[in-house]
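Working notes for the structure below.
A quick note: this is a predicted structure, and the numbers were derived from the prediction, not measured.
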Amino acid sequence: MSTTTAPATADHAQADPYTLRPEDARPAPENFRGRFRHLGPGFVLSAAVVGSGELITTTSLGAQAGFALLWLVIVSTAVKVWVQMELAQWTILNGRTALDGYRQVGPRIGGLSWINWLWIGMDFAKMFQRGGIIGGTAAACSVLWPVIGEPLSWGSLAL
């Protein structure tokens, strides 16, 4: 990365927002509160890499298949990180979202790429996933602390 700024001329109405300038540098925070204030997109990205889906899927897969499919967990985790890094880099370099970029991939169905249609289907499937997570949380809370009636009874689950 360059540490110099481009001259503000008629050709360059706006300076490059990714250019590093010495006046923008700040000293590193020294306490927890200061560090906490600097959590940003990288923290969100790292949280997205391993979520509840992976925790549930890998443990249930391990219970059913043993170590026979451990290679699949390792490869998919590595590929997921690489794909997310490449998509983030592509988005920064092009100034467009990944979904907008996927529109260029053929074949198109109704003006959208087949990848966009798969994403739309996945987004609808997430509603069921959220329902499962909420239901599983309700069942766990009902077993740990049955407020109304017996554990896993209708009243305890509803509350």
Side-chain angles (χ1 to χ4, degrees), residues 1 17-18 20 24-159:
M1 284 193 182
Y18 300 107
L20 296 177
D24 292 336
R26 296 181 217 154
E30 297 181 8
N31 57 22
F32 179 76
R33 185 171 184 224
R35 290 180 187 131
F36 189 72
R37 290 182 61 219
H38 283 76
L39 296 179
F43 185 74
V44 174
L45 181 64
S46 66
V49 171
V50 178
S52 61
E54 284 80 15
L55 296 175
I56 294 169
T57 303
T58 54
T59 53
S60 62
L61 179 67
Q64 292 175 2
F67 286 101
L69 294 177
L70 181 62
W71 66 270
L72 181 62
V73 173
I74 294 169
V75 169
S76 65
T77 302
V79 167
K80 183 178 180 179
V81 172
W82 179 77
V83 167
Q84 287 184 352
M85 287 180 358
E86 290 298 318
L87 286 175
Q89 183 179 13
W90 187 89
T91 298
I92 290 170
L93 291 175
N94 292 295
R96 296 169 42 208
T97 64
L99 283 177
D100 190 30
Y102 286 143
R103 292 178 72 180
Q104 299 172 351
V105 178
R108 292 173 177 255
I109 304 168
L112 293 176
S113 168
W114 63 275
I115 297 175
N116 292 108
W117 286 110
L118 285 177
W119 183 86
I120 291 168
M122 178 191 68
D123 204 42
F124 279 110
K126 283 181 183 180
M127 287 186 273
F128 296 112
Q129 179 185 17
R130 285 185 209 110
I133 291 171
I134 292 168
T137 303
C141 289
S142 174
V143 169
L144 288 172
W145 189 38
V147 178
I148 299 175
E150 297 292 317
L152 300 178
S153 67
W154 187 89
S156 182
L157 288 173
L159 183 63

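K126 places a side-chain heavy atom less than 4.5 Å from the side chain of D123. Contact check for W90 versus E86: no side-chain heavy atoms found under the 4.5 Å cut-off. Counting heavy atoms from C-beta on, the side chains of Q89 and M85 never come closer than 4.5 Å.
Shown here are the side chain to side chain donor-acceptor pair (under 3.5 Å) partners of R96, two or more places apart in sequence or in another chain: D100.
Pairing each heavy atom of G34 with each of P29, the nearest pair is C-CB, 3.5 Å. When all heavy atoms of S113 and V105 are compared, the closest pair comes out as OG-O, 2.7 Å. S142 and S153 make their closest contact through OG-N, 4.4 Å (heavy atoms, listed as atom of the first residue, atom of the second, distance).
Counting only residues at least two apart or on different chains, no side-chain hydrogen bond (donor to acceptor under 3.5 Å, both in side chains) pair has a member in residues 101-111.
L112 CG to L99 CG: the interatomic distance, rounded to the nearest 0.5 Å, is 9.5 Å. Separating the CZ atom in F124 from the CH2 atom in W119 is a distance of 9.5 Å, to the nearest 0.5 Å.
Formation of a donor-acceptor pair under 3.5 Å by the W117 side chain with backbone atoms of I109 is found in this model. T91 contributes a side-chain N or O that, together with a main-chain N or O of L87, makes up a donor-acceptor pair within less than 3.5 Å.
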